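Within every chain, numbering begins at 1; the chains are lettered A, B, ... in the order of the sequence lines, protein sequences first and strands thereafter. As the structure is a computational prediction, the values presented were derived from the model and not from experiment.
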Amino acid sequence: MTRPLYATIAALTLAGAAQADTLTVLAPDYFGSSWGPGPAIKEGFEARCDCTLEFRTGDVLPRLMLDGARLQGDVIIGLGTDELLRARQTGLFADHGQDLSPLSVPVTWEDDIFIPFNWSYVAFVYDQTRLETPPASFAELIERDDISLIWQDPRSSGAGLALLLWVDQLYGDDALGIWENLAAKTVTVTAGWSEAYGMFTNGEADMVLSYTTSPAYHIMDEDDDTKAAAIFDEGHYFTAEAAGILAGAAQPELARDFLAYILSDEFQQMIATANWSYPSALPREEWPEVFRDLPLPETAIFLTEDEADARRSPALAHWLDGMTR
Amino acid sequence: MTRDPARTARAAAILAGLGVAAWLVVLNFGALGAVAWRAEGLTALRGADWAAVRFTLVQALLSAALSVALAVPIARALARRRFIGRDALIMLMGAPFILPTLVAVLGLLAVFGRAGLVNQGLEGLGLARLNIFGLHGVVLAHVFYNLPLATRILLQGWAAIPAERFRLGATLGFGPRDNFRQLEWPMLRDLVPGAFLVIFLICLTSFSVALTMGGGPRATTVELAIYQAFRFDFDMGRAAMLALVQFGLCAGAGVLAWRMALPSGLGGGMDRPVQRFDTGTAGLRLWDGALIVGGALFLLVPLALVVMRGAPHVVGLPVEVWQAAGRSLVVALGATGVTLAMTLALAHAVLIAGDARGAVLEWLGLAALAASPLVIGTGLYLLIRPLANPRDFALVVTMLVNAGMALPFALRLILPGLREVVASQGRLADSLGLHGWARLRIVTLPRLRRPLGFAAGLTAALSMGDLGVIMLFAEREGATLPMQLYRLMTAYRLDDAAGAALVLLGASLALFWIFDKWGRGFAEA
């Protein structure tokens, strides 16, 4: 009596295995969660590829470094711009083979290996009901003595690292004094973004290091327009997350299709609200209205990955000196 | 050939204990070795690393000393007073220890932070604001987190003083001071070094709390330096070296505590409920009352704020949160079973092996506390990698690692009780020819029920809230409740995250309560 059931299950399983190839995409944990962009991307890609898309989530760069050539998968998505050099140096990636002309990021992006799928600027986010006149420049932030800040440790957080390089780029050898100044305004430095943002929303500080796109979440999902990003005259540090194809991919064709999908309108339309960041290949006119209305910095500060790598350690030494003096 | 059942039981106990010890060596040192091996050697430490070592030691010493110093009078007050709601209060007062650290910190800041209750009060009175961030903030957070543990360990000690002693004391006209000198001091002498050591070790590996409450990079601990070595520099050699330093600090502290601790040698009793005759004057009653109220306020107000923040959002929680809660429950129960089995095996072996060898085994049981979760996670990943896909074992690995992490607590709780059972009932059981399972079932377990229940509750609650190693292993579908909590926060869903934190708190407390209640089923609490 149970035999027909078994037979049906076996038949279905076999049919499933025979029919669909599986594209394995390695992604950060947030990406695959129900509240990240993963589910919509999976649905969208599967509808056009006649395949199954499987996310394997976790910290992508550490896994790349730990597993090396043993790493199994076809595509890696979610590498931060400041991580790209180290990812590239593993030599585990293949050319993406895509035409990059659709890219609309505010910096020149010529890269045969990695394609950005989103971007944003790091910025200090504040609550307009608590801070009525935000600083209009980094210089003003340094001068003001009525502002308290929470931000992330550059040693453990991507946003923290971005602030480190931002200050280094703006102030160079004077960074030491800038950090001393910022230390006096700083409520605390947290290990990760979540702690900092949580403390900010609980009222622990006037401003928190986050992204220019953060307020969009509050406006669109919470109907709360009190949060805003302070735009600084000197320009903001540009960050993006990128994807690349693993040289050892079992499904190189599908992997290339997936990178092409990243540049497609359908994918790009999803990014803004699924990822709370700007789409990488979509003109501003086509962004959701809330995103179009967000104030945009005039200058993008962008370090090539070699520059960023060269500056990381000396900048951290300045930071540590200035913050602990 | 005749077999001596006593010898067979002894051999079996030693074998089981050695098996557990071997697993602990793999877990703690094998993982570290794998990281060092992958790094192709150790890297020398830098000046900043030594600054981290100094800060780590200072904050851990202060935190552990203050936690225990406060726990002694609070536990003493709780031990000699009976009032309505005492059980519930003791249970709730244990809660901060089982909270995920992020939730605990947010709760604490709701009281002591810039926008917290205390500062609102001070501002209302026209007084200067209190700045909570700094070394004092680190110590405050660690005391908030560990005072409950210290209090419960010491309460356990008070409960273990046989009722006959207090009765005898009363007939000799003992007042509170005499009771302290004759009965309570020897017990404290036995328990305090261990409690101090455990808390010292917990604070030693603190990372996120120390940084956040310390106000910045001045509060860099060794664990954060390990994190930096992994993530910022990708220098696994330095990570392994720092992990070794952490073990070194742990070993040093362990040797010191072991030399300070003395077995209390109070002798056995009839397991009767304790009745106290030294509840004394109105002044003493007031003093105890103030201690209990003060301790309860310090520990419970932040919790109440966590509850209030999360309560409105529990009903609307996404289904994934509840699924993750179920998964965490399975992990927690599994880890509890494994921990109790391992602890009993190890504790028996410690007692049989005698002083010096027993101390080595005991120290091994504590070592997991000094291990860096990041190093253990990475090391296990590297160890499993050549054999299988580590991701297929995410929940099992989490369970086993949680068991290893909880074992130090369980061992501290169960070992004194077991020593007592062996001392008071051992000869009788021997003369009755009770060995092996029968002895465990009839003699040992019933008398260990109280520490067993407490240890089980602690393990279950701790595993429920642990984020530890799972982040390296887990698949998208295998998320535990703490993982979902972080995912919600990363997706800006702070309201849902507050709701999930409340679910986590509720589940941890419920597990803790059920096991602890079972343990206290026998005696009046």
For residues 186-205 of chain A against chain B, heavy atoms under 4.5 Å, the residues are Val187(A), Thr188(A), Val189(A), Thr190(A), Ala191(A), Trp193(A), Ser194(A), Glu195(A), Tyr197(A), Gly198(A), Met199(A), Thr201(A), Asn202(A), Gly203(A), Glu204(A), Ala205(A)
Here the gap from Arg63(A) atom CZ to Thr378(B) atom OG1, rounded to the nearest 0.5 Å, amounts to 12.5 Å
* side chain to side chain contact (heavy atoms under 4.5 Å, CB included) between Thr490(B) and Asp29(A): does it pass, once the steps are laid out? -> CA-CA 10 Å; Thr490(B) 316; Asp29(A) 187 66; over 6 Å; no
All heavy atoms of Thr57(A) vs all of Arg487(B), minimum pair found to be OG1-NH2, 4.3 Å
Whatever's closer than 4.5 Å to a heavy atom in chain B on Leu161(A) counts as side chain
Counting heavy-atom pairs under 4.5 angstrom with chain B, the leader among Asp206(A), Leu61(A), Ile150(A) is Asp206(A)
Bottom line for Arg70(A): the part with an atom under 4.5 Å from chain B's heavy atoms is both
Cut-off 4.5 Å, heavy atoms of chain B, and the answer for Ser214(A) is both
Note: vs chain A, highest number of non-hydrogen pairs under 4.5 angstrom among Arg309(B), Met236(B), Gln228(B) is Gln228(B)
### Message
Whether the side chain of Arg312(A) engages the backbone of Phe232(B) through a donor-acceptor N/O pair (distance < 3.5 Å, no angle test) should be reported.
### Response
yes
Exercise for review: Check whether more than 12 heavy atoms from other residues, nucleotides or ligands sit under 6.0 Å from atom CG of Asp223(A), and answer yes or no.
Suggested key: no
request  = Please check if atom CD in Gln72(A) has more than 12 non-hydrogen atoms from other residues, nucleotides or ligands closer than 6.0 Å.
outcome  = no
Tell me whether the rings of Tyr492(B) and His218(A) are parallel (<30°), tilted (30 to 60°) or perpendicular (>60°). perpendicular
When the 4.5 angstrom heavy-atom criterion is applied to Phe133(B) and chain A, the contacting part is side chain
Correct closest heavy-atom pair for Arg155(A) and Leu211(B) would be NH2-CD1, 4.4 Å
Heavy atoms from other residues, nucleotides or ligands near CD of Glu43(A) exceed 12 (cutoff 6.0 Å) = no
Applying a strict 4.5 Å limit to non-hydrogen atoms, the region of Ile132(B) in contact with chain A is neither
### Query
With a 4.5 Å heavy-atom cut-off, do Thr324(A) and Thr220(B) have their side chains touching?
no
If one checks every heavy atom of Trp151(A) against chain B at 4.5 Å, the contacting part turns out to be neither
Does a side-chain heavy-atom distance below 4.5 Å link Gln484(B) with Trp35(A)? yes
If you tally heavy-atom pairs under 4.5 Å between each of Asp67(A), Asp221(A), Leu320(A) and chain B, the highest tally belongs to Asp67(A)
The interface call for Asp82(A) against chain B, heavy-atom contacts under 4.5 Å, is neither
So, the part of Leu109(B) with a heavy atom under 4.5 Å from chain A: the answer is both
Turns out that what part of Ser210(A) lies under 4.5 Å from chain B's heavy atoms comes down to side chain
So, the part of Leu26(A) with a heavy atom under 4.5 Å from chain B: the answer is neither
